[in-house]
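Structure first, commentary second.
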Amino acid sequence: MNAPDSTSSLDFIRSIITEDLKANKNHGTIHTRFPPEPNGYLHIGHAKSICLNFGIATEFGGLCNLRFDDTNPIKEEEEFVESIKKDVRWLGFDWEDRLYYASDYFDQLYKYAVQLIKNGKAYVDDLTPDEIREYRGTLTEPGRESPYRTRSVEENLSLFERMRAGEFKDGSRVLRAKIDMASPNLNMRDPVLYRVLHAAHHRTGKKWCIYPMYDFTHGQSDSIEGITHSLCTLEFEDHRPLYDWFVNELKIFAPQQIEFARLNLSYTVMSKRKLMKLVEGGHVTGWDDPRMPTISGMRRRGYTAGSIRNFCERIGVAKRESMVDMALLEYSIREDLNKRVRRVMAVLRPIRVVIDNYPEDRAEYLDAENSPEDPGMGSRKLPFSRVLYIERDDFREDPPKKFFRLAPGREVRLKHAYYIKCKGMVKDEKTGELIELHCTYDPKTRGGWSDDGRKVKGTLHWVSAAHSIEAEVRLYDHLFLKPNPSDEKDGSDFKDHLNPNSLETLTSCRVEPSLADAAPGMGFQFLRLGYFCVDSVDSSTDRLVFNRTVTLRDTWAKIEKRQKSQMPGKRKKAA
RNA sequence: UGGGGUGUCGUCAAGUGGUAAGACACGGGCCUUUGGAGCCCGCAUUCGGAGGUUCGAAUCCUCCCACCCCAGCCA
């Protein structure tokens with residue numbers, strides 16, 4: 001087992017567990033579970049819970065179950081259980097043979113309900129949904145008891161049996177716990193245990209027409225599975241007394257529910273409802289759109305499972321509601337990809353460069369290391385010839401201060417190749433648009449080294465025009481312009497803050513020939529540009545499509561931004 | 001106005017009476033055939049506020065303030 005490092009601090013949950021272990025609670029065993037409802041796709045917020053539950057299990061030598069909380073057949077689908085299983089596995093976790101469904105316990109849950117009725121702790125209520133709400137009272141006023149609350153055990157037993165037999169219409173009757181209509185905790189005001197729902201369930205089919213509520217299912221399912229620590233999010237704090245009430249009344253094994261804060265990430269939204277709106281409103285292409293915070297979207301974007309796990313470790317676990325900076329997620333994926341991925345060259349916005357003193361019919365192959373981080377990744381041959389492409393941004397006719405890329409008369413290095421010097425430009429006579437650059441190369445600088453000690457400030461990436469391959473590249477940016485788009489207090493709708501430029505598609509990019517057989521999902525660093533991966537949906541051998549996972553840290557962009565913002569007043573530095 | 005929670009750097013987050021960890025971000029420097037990576041330095045005299053206890057308080061007490069959650073036959 002991989003016990004937590006005693007020198008590093010533990011989060012409050014791991015501290016509790018450490019204490020429980022010390023006290024030999026539950027005979028020193030730890031058993032957790034990840035309990036999604038199969039009604040949608042998993043997102044990065046779920047990843048936090050997955051890493052917590054599975055992580056704790058392995059760290060403390062325990063077990064973690066995967067359990068589908070499928071008690072509402074109207075919202076749930078088999079498609080979602082498959083995608084959830086796939087995502088959990090992809091994240092690197094294994095539930096082994098412990099795959100469970102709350103629906104597996106429907107028979108047992110029914111028996112529990114009967115037990116409560118027999119003990120006089122539950123009753124069938126004929127009130128309508130509206131009446132139940134009215135009788136519940138408000139936050140400040142106690143509720144009133146239902147006139148059906150005093151039915152005899154026999155009548156309740158018979159009515160509940162008839163509910164199960166399908167004699168009643170949806171909404172006509174419910175089974176309720178008999179607790180306390182005056183409780184300051186609304187969850188304790190005779191909560192509904194079972195409702196009539198004539199709907200087919202994705203697993204139990206038409207066997208049932210009554211379904212247990214979350215509150216009546218969750219704790220008992222935990223108990224049945226021997227879950228020692230039931231970790232859930234903060235909004236269930238008010239449900240804990242009810243959770244405890246059930247296991248206590250039923251006299252069954254009592255797991256401990258512990259609540260932690262859910263993850264919020266800046267520049268995106270996390271609620272299923274809002275993500276659904278993005279999909280349905282066509283603001284993204286689907287649940288796996290690379291801009292989505294879903295696991296499937298992030299996977300397609302090029303995020304690795306390891307980077308997501310590291311991110312989840314870094315953000316910690318606590319009870320205060322917080323908003324994690326997207327920059328931390330981006331740091332996590334850069335850190336991971338930097339170490340594992342090949343460097344290649346791709347020119348996204350090409351400008352033609354003719355090397356005037358390079359023979360027209362010649363091509364040579366230059367050595368290029370695949371990664372400066374890991375020499376073990378070897379090298380490849382890069383074709384060089386008279387006509388090349390470089391990035392349009394890497395040339396300025398009138399270079400600003402601190403710009404040390406190509407400009408008229410300037411010399412730069414082409415990565416792995418030669419020093420070149422800009423000798424001239426060709427522009428469109430009518431529009432004035434730059435068409436191509438004319439340069440000369442210094443044959444004595446092959447490989448990018450000069451033997452006369454001459455230094456050059458800029459190193460550019462490039463591609464040989466004749467040898468390069470055309471590709472489509474999709475550049476992604478934050479989905480929202482506002483750090484917290486969910487803050488709708490100013491009367492705005494979260495969709496008002498959608499970033500209109502969250503996707504930029506470039507169709508005439510040129511990539512080096514070694515990328516010809518790049519497999520879907522494969523990740524690369526496009527030198528000086530960022531990390532990219534082959535799109536797993538739209539890319540094919542005759543039409544390469546890349547997604548930008550994340551940019552590189554861009555110091556020049558920062559300098560340039562600062563220069564521009566300081567332009568209009570020539571502001572002096574404060575003393 | 002009921003109940004349950006939470007307030008420590010721009011953002012996360014340790015700290016549990018002995019004098020504010022760490023990470024990201026940010027700023028500066030070194031280095032560099034990626035303005036990448038790496039390395040170095042800086043970055044809370046102060047812990048929501050006010051009182052109090054104590055030799056000593058982010059940690060204990062009192063009062064106050066702010067924010068989040070709860071009135072589904074959703075989970």
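Lettering follows sequence order; numbering is per chain, from 1.
Comparing B:rA14, B:rG36, B:rC73 by their nearest atom to the side chain of A:Met213 picks out B:rC73. Closest to the side chain of A:Leu139, from the set B:rG10, B:rU6, B:rG2, is B:rG2. Looking at the side chain of A:Pro184, the nearest of the listed nucleotides B:rG2, B:rU34, B:rC74 is B:rG2.
When the P atom is used for both B:rA44 and B:rC9, the distance is 12 Å, rounded to whole Å. Comparing the P positions of B:rA25 and B:rU32 gives an interatomic distance of 24 Å, to the nearest angstrom. Between the P atoms of B:rU45 and B:rA50, the separation comes to 15 Å (whole Å). With C1' as the reference atom, B:rG51 and B:rG15 are 24 Å apart, rounded to whole Å. The P atoms of B:rC61 and B:rG7 are separated by 15 Å, rounded to the nearest whole Å.
Side chain A:Arg320 to base B:rU8: a donor-acceptor pair is found below 3.5 Å. Side-chain atoms of A:Asn185 and base atoms of B:rG4 include no donor and acceptor less than 3.5 Å apart.
Between B:rC73 and A:Lys75, no contact under 4.0 Å exists linking OP1 or OP2 to a side-chain N or O. Look at A:Tyr331 and you'll find a side-chain N or O under 4.0 angstrom from OP1 or OP2 of B:rC24. The side chain of A:Arg136 places an N or O atom within less than 4.0 Å of a non-bridging phosphate oxygen (OP1 or OP2) of B:rG72.
Under a 4.0 Å N-O distance rule, the pair A:Asp451/A:Lys444 does not qualify as a salt bridge. Note on A:Glu512 versus A:Arg380: salt bridge recorded, some NZ/NE/NH1/NH2 to OD/OE distance being below 4.0 Å. Electrostatic pairing of A:Arg340 and A:Asp374 does not count as a salt bridge here, judged by no charged N lying under 4.0 Å from a carboxylate O. With salt bridges taken as basic N to acidic carboxylate O contacts below 4.0 Å, none links A:Asp244 and A:Arg240.
Rounding to whole angstrom units, CG of residue A:Leu242 and P of B:rG72 are separated by 15 Å.
Across all strands shown, B:rG72 forms no Watson-Crick or G-U wobble pair with both key distances under 3.5 Å.
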